[in-house]
Every structure is written in structure tokens, then in C-alpha cells.
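The structure appears right after this line, and notes come after that.
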Amino acid sequence: MIELRSVTHAYGDRPVLHDLSLRLEERRIAILGGNGSGKSTLARLLNGLIVPTAGSVSVDGLDTRRDGRAVRQRVGFVFQNPDTQIVYPTVEEDLAFGLKARRLPRDEIARRVAAALERYGLARYRHQPAHQMSGGEKQLLAIAGVLVLEPSHVVFDEPTTLLDLRNRRKVIQLVRDLPQRVVVVTHDLDMIMDFDRVVVLEGGRVVADGPPAEAVPAYVERLG
Amino acid sequence: MLGLYLHRDSAVHRLPAGAKMGGLLLLTAVVLTLPGAWGALAAMVAGAALLAAARLPPGRVLRDLRAPVVMLALLFGIQALLAGTGWQDAAIAVARFAALILLATVVTLTTRVMDMVDLFERLFGLLRPLGVNPAKMALMLALTIRFVPLLGDLVREVRMAQRARGVERNMAALFVPLLVKILTMADDLTAALEARGYDPADTGSQR
Amino acid sequence: MLSTRDLVLCALFAALLGGLGMAPPIPLGFLPVPITAQTLGVMLAGTILGARRGGLAALLFVLLVAAGLPLLAGGRGGIGVLMGPTGGFVLAWPLGAVITGWLAERFASGTSPVRLFAVSVVGGILAVYAVGIPWLALVAGLPIEKAALGTMAFLPGDLIKAGVCAFAAAAVRRAGILPLHA
Ligand SMILES: Nc1ncnc2c1ncn2[C@@H]1O[C@H](COP(=O)(O)OP(=O)(O)OP(=O)(O)O)[C@@H](O)[C@H]1O
Ligand SMILES: [Mg+2]
């Protein structure tokens, strides 16, 4: 479970999140909101990529400020642009990156990479330069690079924004099938219709929070 | 990024990168110290023998050699014409370096980029006492290889965008947006590395 | 110690050098040789990243060229090119970036294009020529004056690049992005 207690976050002296308190315990949670409403900031707080200026964030009882490393092991993060998430030249090497950073034994790394190549349909790209893959394939690789670390939660920040219809569906399906707890920041309403909970942000505050049937219409109304 | 490597099934290809680089260094020292044209001649023979042993297509090798060798020959020709005297010394210098370039080209064509990069990483390991962190060097090399094609696209893209706005040949108008874009990429990439558990304080002593 | 962001910036600027080599050279009509922007990349690495990170970026690039990636303008690369007559002008890039960066940190950390131009000339042109010209003389068996004279064909283009670097670095600094000391 991820818990935010009176979280305020400011960049310089400009606050973008105001005194947010949330207990995120449902399995599928979506965060909606207009541009600049603070969604990405909130998402990045969840795995300790940034720490709040005031208040605290904890994951399964671990504080992101104190136990950043342990938190990042638990919470995977997928960004919008696959191009800046793939860090190694070829698919196989990139999948191994996070595992190496975690100092796992060599054979364990090889085993997990091989399993991930199969599971996410990347086996035939194994030695291919990431540069030669399509946007959707790259995003699948980026997601696989996070899932191979076996996190207990995965946070996605607009994972489908740059994808075409078909790849969007693929990613949506993949997210739907994940056994992990999932928090998704998105503008993609199709993706979240069967989610357990939707949190709507506006100007750094929660303006609606509930099941999609309630929160999504509230969001649409506010935007319109 | 496949590099200039040309795959063939040969003993030269199978030699470890370290042996080839070491050999090249040694031969360079020998060629430059042997008096007269002997070193050049020896290196030329060695180069030709290796070329044959590596089963490299001579046409391709010649193509790779063309630029530096033509340039050397041109420079030499001009000198011989203008100076008259002292052309023998110049001839020896040119022959020496032509031979060394041939040898170096054989090494490049028969060694995979990743094997060379691995060799560099091991060499960086030797520099650890000087504060060099081989794991960081390795990561930076990999990141660079990954991002060269992307930046190639970016350069083209920005150039196209400028052209579309009627700005031709204005290199300044090219570089400002390019640098801004690189900064955004740097922020995103830093976040992505750290989100996947990369910790720069880690000494990476395991690798 | 290099932070994650430092590693990323070094790699991105090294990759920028490669990316610039992939773009077709810009013909400037009035110059005898077309301009490739790679040396401009060296000056930018120094002025924008500073001595340490800029030098490292150029070093990464040279290592990958030596490893056999065709990253030099015209798709050239490999040890043979580095050992060739013009190899010194490439091998000198890490030094050039370090000197540009060192000078920039001390004398051109603001937004003055004149100062940025001056440090780019010293680090990106003088330092590079100081290695490249003797190398050319040695490899081609040329007297050093002749090697220097031949190199002058590239001077106008390189001066233009230093100007572009000064303008671009000043603009980026004015916008407050990519700080030199961070
Ligand atoms: N690194 C940063 N430094 C300064 N300000 C920032 C930074 N990141 C975001 N901001 C500002 O904080 C506010 C919230 O940004 P955030 O990225 O969280 O919004 P968002 O809801 O994700 O928007 P979008 O839908 O456009 O992705 C914005 O006004 C943005 O300009
Ligand atoms: Mg966002």
C-alpha cells in the first residue's frame, strides 16, 4: 500500500501539490487531470524519484525519503517516452540493466532476461538495436525492463500517449493483466473504465475520487 | 550500430581484441624505431599477410584505406615536386604510416565493436586507483552507442524544422533547439535510470 | 563523483558528436571545404558541460571511433583513421574540450558571446591544431610549417563554428538551462 500524508510539493517556491493525503490500496488506480495539474509530480513521488517538500510518502511502511532505494525496488516506473527509457543499445542488454544495477548473480540475470523476452514477445528482437524498433515495441521493451525487476507496484505516467491504436491496445491489455498493484497517470479514458478507483487532480488538489462511473464524468465535466 | 567490423571465419577474427591491440601497439613501436624503410616494409608484409589470413575482401579494405592513403600520397607528391631534396625522408615517413594504417584497418575490420569496448572497460579497471570508475565508463559508452542514432535523427529533424521555417544554413538556429532538446532528454533519462534502480554511489565492484 | 545526470549528459554530448557526423556537411559556398559540425560539438561540450564532463564526452566519442564505429563525418572510423594524417585533429578533441571547459569555467561562465567565442577559439581551435598539425607533419613526413599552412584551409570554417558555439551557448545560458557548475 502507498500512503501520502499531508504531501505538499513545490518546485523552487512554486507549489504544485497542496496538502494531499491519500491511501492508495486498490489494485488498479488511475490519476486524471488537465495539463499541469500535478499528475506527473504525484507519480514521481510514489517511488521516491522526488521527495515531497512537506509531508511524507510511504510504500508498505517504507518512507521514500529515508528508504529511497528499497522503495524503488518495490515500485517500478514507466514513463511516456520509450526513447529515453531504453538505455542499452540492444534489447537483451537493456532488459539486464536494472538487474545488474541490483547486483543479482549472473545466471539469475540470464534466467530472468530469457523469461522476460518470452513473456513480452520480445524474443525475436533479442539482439536487435532498440533504435530499429517501432514506438510500440519500444514501449513494450521499456515496460518489460521494469517488470523484469519484479516490483510489487508499477506506476505508469502516460504510457500510451505516443502509441498508435494497435499498440495502445497492446499496452492496455498488458496493464490489465498485470498481477501487480498499478497506478496509471493517463488521459486515455478507455484504459481506465474498469479500474477500481480514479483520482482527479486540478491545480494540485484532489477534486474527485471514486469509482470510474463517478469520477470520470466529474473529470469530463470539469474539462469541458 | 554494427560498426566497421566485417565478419569472416578466420583465425585473425578469433584473436582476442587485447592481443590485436597489443600487437598493433608493438608493431607501431617497432616500425617507428627501425631505421630506414625496413620497418615500413616489414609492417606492409605483415599487414598483407594478416589481410589474406583474415579473408577480408581486398576491395572493401582498399575502400577504407583510400582516403588516408590518397591523402598521404598527395601530400608526398606535392612535397617531392616542391622541395626536391629531402624527399627520401618523406617517402619513408609516408611508407611507415601507410603500413601502420593498413595494420590498424585490419584490426578494426576483424574486431567487433563490443569486444573493443569490453577491452576498454578492462583497461579502465586498471585505472581504478586513479579514481576511474570502470562501471560508470561502461555505462556511459553503452548509453552513447544507444543515443547516437537518436541524436542523428534529432539533428536531421531540427534541421528540417528550421528549413520548413525558411531558415537555411543558419547553424545557430540549429543548435539552440538541439541543446534544449538534449537537456529535456537528459532529465528524462536520468529519471529513467534512477527509477530502474541505478545508484551512482554504487562502486560497481562486482563487474 | 559523477552523478547520474553527469553520466547522462556526457553520453548525450558524445552521442551529439556522432549525430552531427551523420548529418550531411553544410556547404558554405565561400569556403574551400564544407563544414562538418563535429568540432562545433567539441566546443559546445566544453563551454556547456565544463572541463570534466566535456572532456569525458569527447573521450567517449574518440573511444567509440577507435572501437570501430563509423562516427566521424563521412561514415569514417576505426584505428586506421585515427592513425592517419588527420587523426591528430580527432585525437585532440578530449584535450580541446577540457581546455575549452576549463577556460569557460574561469573566464566565460556568463552569457557574453565574446568571451565564449574566445574560449572556443583557444580550446576548440588552438589546442586542437596544436596536436593535429605536428601529427600531420609526422605522419605525412611534412615540414611543420607546411602542415600548418595546409591546415589554414580549415581555419575560416572553424572560426565560424566558434562563433556559432558562442551564440548558442550564450542563448542556452540566458535561458538558464544546462548550468556549467551543476
Ligand atoms: N522539474 C520541474 N521544475 C519546475 N517546475 C516543474 C517541474 N516539473 C513540473 N513543473 C511544473 O509543475 C506543474 C505540474 O507539473 P506536472 O508535470 O506534475 O503536471 P502534469 O499534470 O503531469 O501535466 P501533463 O498533463 O502536461 O503531463 C506544472 O506547472 C509544471 O510546469
Ligand atoms: Mg505529466
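Naming convention: chains lettered A, B, ... in sequence-line order (proteins, then strands); numbering from 1 in each chain.
Only the side chain of C:Leu136 comes within less than 4.5 Å of a heavy atom of chain B; its backbone N, CA, C and O stay farther away. For C:Thr4, the parts lying under 4.5 angstrom from a heavy atom of chain B are both the backbone and the side chain. Using a 4.5 Å cut-off between heavy atoms, C:Leu17 makes no contact with chain B at all. C:Ala171 touches chain B through its side chain: at least one heavy atom from C-beta onward sits under 4.5 Å away, while N, CA, C and O do not. Using a 4.5 Å cut-off between heavy atoms, C:Ala66 touches chain B through backbone and side chain atoms alike. When heavy atoms are compared at a cutoff of 4.5 Å, B:Leu24 approaches chain C solely by way of its side chain, counted from C-beta outward. For chain C, the nearby part of B:Leu178 is the side chain; its heavy atoms alone come within less than 4.5 Å.
Distance check: B:Met140 CE to C:Leu64 CG gives 11.0 Å after rounding to the nearest 0.5 Å. Expressed to the nearest 0.5 Å, how far CG of C:Leu16 lies from CZ of B:Phe147 amounts to 13.0 Å. Residue C:Phe13 holds its CZ atom at 5.0 Å from CD1 of B:Ile182, rounded to the nearest 0.5 Å.
With respect to chain B, the highest number of heavy-atom pairs below 4.5 Å among C:Ala169, C:Gly141, C:Ala147 belongs to C:Gly141. Each of B:Leu141, B:Val94, B:Leu143 has some count of heavy-atom pairs under 4.5 Å with chain C, and the biggest count is that of B:Leu141. Contact count against chain C (heavy-atom pairs under 4.5 Å) is highest for B:Asp187 among B:Asp187, B:Thr28, B:Leu154. Contact count against chain B (heavy-atom pairs under 4.5 Å) is highest for C:Pro85 among C:Gly18, C:Pro85, C:Ala168, C:Gly84. Per-residue heavy-atom pair counts under 4.5 Å with chain C were compared for B:Met114, B:Met116, B:Met21, and the maximum is reached by B:Met116.
A heavy-atom distance below 4.5 Å is found between the side chains of C:Phe167 and B:Val176. Residues B:Phe120 and C:Leu60 fail the side-chain proximity criterion, which asks for heavy atoms closer than 4.5 Å. By the 4.5 Å heavy-atom criterion applied to side chains, C:Leu69 and B:Leu4 are not counted as neighbours. At a threshold of 4.5 Å between non-hydrogen side-chain atoms, the residues C:Val172 and B:Phe175 do not count as touching. The shortest side-chain heavy-atom distance between C:Met22 and B:Asp153 does not fall under the 4.5 Å cut-off.
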List the atom pairs, with distances to 0.1 Å, where a side-chain N or O of residues 99-113 of chain B and a protein N or O form a donor-acceptor pair under 3.5 Å, not counting sequence neighbours.
{"residue": "B:Thr105", "atom": "OG1", "partner": "B:Ile101", "partner atom": "O", "Å": "2.7"}
{"residue": "B:Thr108", "atom": "OG1", "partner": "B:Ala104", "partner atom": "O", "Å": "3.3"}
{"residue": "B:Thr108", "atom": "OG1", "partner": "C:Ile79", "partner atom": "N", "Å": "3.0"}
{"residue": "B:Thr110", "atom": "OG1", "partner": "B:Lys20", "partner atom": "NZ", "Å": "3.4"}
{"residue": "B:Thr110", "atom": "OG1", "partner": "B:Val106", "partner atom": "O", "Å": "2.9"}
{"residue": "B:Thr110", "atom": "OG1", "partner": "B:Val107", "partner atom": "O", "Å": "3.3"}
{"residue": "B:Thr111", "atom": "OG1", "partner": "B:Lys20", "partner atom": "NZ", "Å": "3.2"}
{"residue": "B:Thr111", "atom": "OG1", "partner": "B:Val107", "partner atom": "O", "Å": "2.7"}

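In this structure a side-chain-to-backbone donor-acceptor pair under 3.5 Å is missing from B:Lys136 to C:Leu7.
In this view, B:Arg96 satisfies the salt bridge (Lys or Arg N to Asp or Glu O under 4.0 Å) rule with no residue, not counting sequence neighbours.
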